[in-house]
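Heads up, the thing below is written out as structure tokens.
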Amino acid sequence: MPELPEVETVVRDLRPLLIGRRIRRVWVGRPALRTPWKAVWTRRLVDRRIETIRRRGKWIVVELDDGQRLVVHLGMTGQLTGTPAAAPIEDHTHRIFDLDDASIQLRFRDVRRFGGLALFADEKSLAGFFVSSGLGPEPFGLDPYYWRRRLGSAKRCLKAVLLDQTVAAGVGNIYADEALFEARLHPGRIAAALSAAEAGRLRRAVETVLNRAIERRGSSIRNYVGGSGLRGEMQNEFRVYSRTGQPCPRCGAPIERLRLAGRSSHFCPACQKSCQLSAISRRPGGRQRMADS
DNA sequence: ATAGGCGCCTGCTGGC
DNA sequence: TGCCAGCAGGCGCCTA
């Protein structure tokens, strides 16, 4: 569910609620999420103070005063919220952290249980985890040469490349579709076949779309809420995602849906041509790298 | 080595 | 009203 803008919103919401607070008690409901909870983690968290909260890709990193790092992934339906302790505990709440401010709790809730939490001993072991999982750079201010190299070596379609967290961390299904629309590129085009100009357009489109979504506090389709329990607003401004059959906001053609890389992909068949004929005609002597058709 | 497919879970929606 | 198929923001494992 939550992609970079949603996770960023959670982090920004949680900071004023949690920084400086000390964890007093950890309640573990269902231990077996995607990452099983280790009993020692409970002991290691008690009496630790929360120093900072940050985001890396779709991961939330809570830094504790003794150097430990509590990391949270929201999967598809995860919610990490600072909630009034008096509020009723909703179904599918799997972790509750009591704080020294007894009026508020940090709660983790996840209907589908694709998310999870883990505790790392220090920054170094957390960094090692991110490296070993191949987590790519943040999608802001990407080095254009890195971007072109990653696209140029990929024989798969653009949609698959955008979803690949080792290329850039944080883009998911919604914002991949929205970025491809913004860049006027067909999701099924082969990444290696892009011209330099097209690659640059896509790189900038990803930033544009993510920034716009952060300003709107992310997209709430069903489960997503920010760290204070508030829904996002970006779902009202989708140009293509979940708009199959509705008119393209640019040209009015009906939006189409296609299954790519195992995910549904939404695009405008008129604005996002699978063959960019104009790009080819501008390079008469160049290699015809039309790997898609 | 890469890339695609499937499974993990639960809940909701739409068609019959 | 009920049943069932299909679908959903992610990701890791398996296979070809």
Side-chain angles (χ1 to χ4, degrees), chain A residues 1-10 29-36 55-60 71-80 90-94 108-118 129-130 132-136 139 149-180 187-193 206 209-210 213-214 216-227 231-238 240-245 257-266 291-292:
Chain A
M1 91 115 238
E3 308 180 26
L4 186 152
E6 289 75 31
V7 177
E8 180 64 28
T9 302
V10 169
R30 182 191 283 263
L33 305 177
R34 179 168 281 278
T35 313
R55 180 192 58 73
R56 176 76 176 89
K58 297 174 191 172
W59 294 87
I60 297 162
V71 298
V72 183
H73 198 289
L74 300 177
M76 289 276 258
T77 53
Q79 302 174 337
L80 188 68
E90 293 185 86
D91 281 354
H92 308 292
T93 299
H94 306 300
F108 177 77
R109 177 170 183 258
D110 186 359
V111 172
R112 289 174 73 180
R113 306 205 302 273
F114 290 170
L117 303 85
F129 166 72
F130 283 149
S132 68
S133 63
L135 194 66
R149 180 168 61 75
R150 291 303 301 260
L151 292 184
S153 65
K155 294 192 190 85
R156 45 191 178 153
C157 66
L158 290 177
K159 181 61 180 281
V161 172
L162 286 179
L163 292 177
D164 184 343
Q165 300 298 296
T166 74
V167 175
V171 179
N173 205 36
I174 294 177
Y175 302 113
D177 282 5
E178 294 293 314
L180 287 164
R189 287 192 62 194
I190 299 302
V206 167
V209 162
L210 293 177
I214 291 170
R216 310 291 191 277
R217 298 181 41 81
S219 307
S220 290
I221 295 168
R222 181 161 291 150
N223 299 277
Y224 168 74
V225 294
R231 288 166 58 86
E233 301 290 338
M234 186 65 188
Q235 67 280 6
N236 304 318
E237 296 180 34
F238 291 157
V240 286
Y241 183 80
S242 81
R243 294 193 62 248
T244 312
R257 181 169 162 276
L258 193 66
R259 197 145 192 99
L260 282 173
R263 318 292 299 278
S264 59
S265 304
H266 311 77
D292 60 330

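The sequence lines fix the lettering, A, B, ..., with proteins before strands; numbering per chain opens at 1. Everything numeric in this text was worked out from a predicted model, so none of it was measured.
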Spacing of [X] atom [atom1] relative to [N] atom [atom2], expressed in whole Å:
| X | N | atom1 | atom2 | answer |
| --- | --- | --- | --- | --- |
| A:Arg222 | B:dG11 | CZ | C1' | 7 Å |
| A:Ile214 | C:dG9 | CD1 | C1' | 15 Å |
| A:Asp91 | B:dT10 | CG | P | 12 Å |
| A:Leu33 | B:dC8 | CG | C1' | 12 Å |

Check: A:Tyr175/A:Glu6 side-chain N/O donor and acceptor closer than 3.5 Å: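 Yes - a donor-acceptor pair under 3.5 Å links their side chains.
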Name the closest nucleotide to the [X] side chain, picking from [options].
| X | options | answer |
| --- | --- | --- |
| A:Arg156 | B:dG4, C:dG10, C:dA8 | B:dG4 |
| A:His92 | B:dG11, B:dC8, C:dG9 | B:dG11 |
| A:Arg112 | C:dG9, B:dT10, B:dA3 | B:dT10 |

For nucleotides 11-15 of chain C, give me every protein contact, N/O to N/O, under 3.5 Å, one pair per line with atom names.
unit_1	atom_1	unit_2	atom_2	d
C:dC11	OP1	A:His73	NE2	2.7
C:dC11	OP2	A:Lys58	NZ	3.1

With sugar-phosphate meaning primed atoms plus P, OP1 and OP2, does [X] contact a base, only sugar-phosphate, or nothing at under 4.0 Å between heavy atoms?
| X | value |
| --- | --- |
| A:Thr35 | nothing |
| A:Arg113 | sugar-phosphate |
| A:Tyr241 | sugar-phosphate |
| A:Ser242 | nothing |

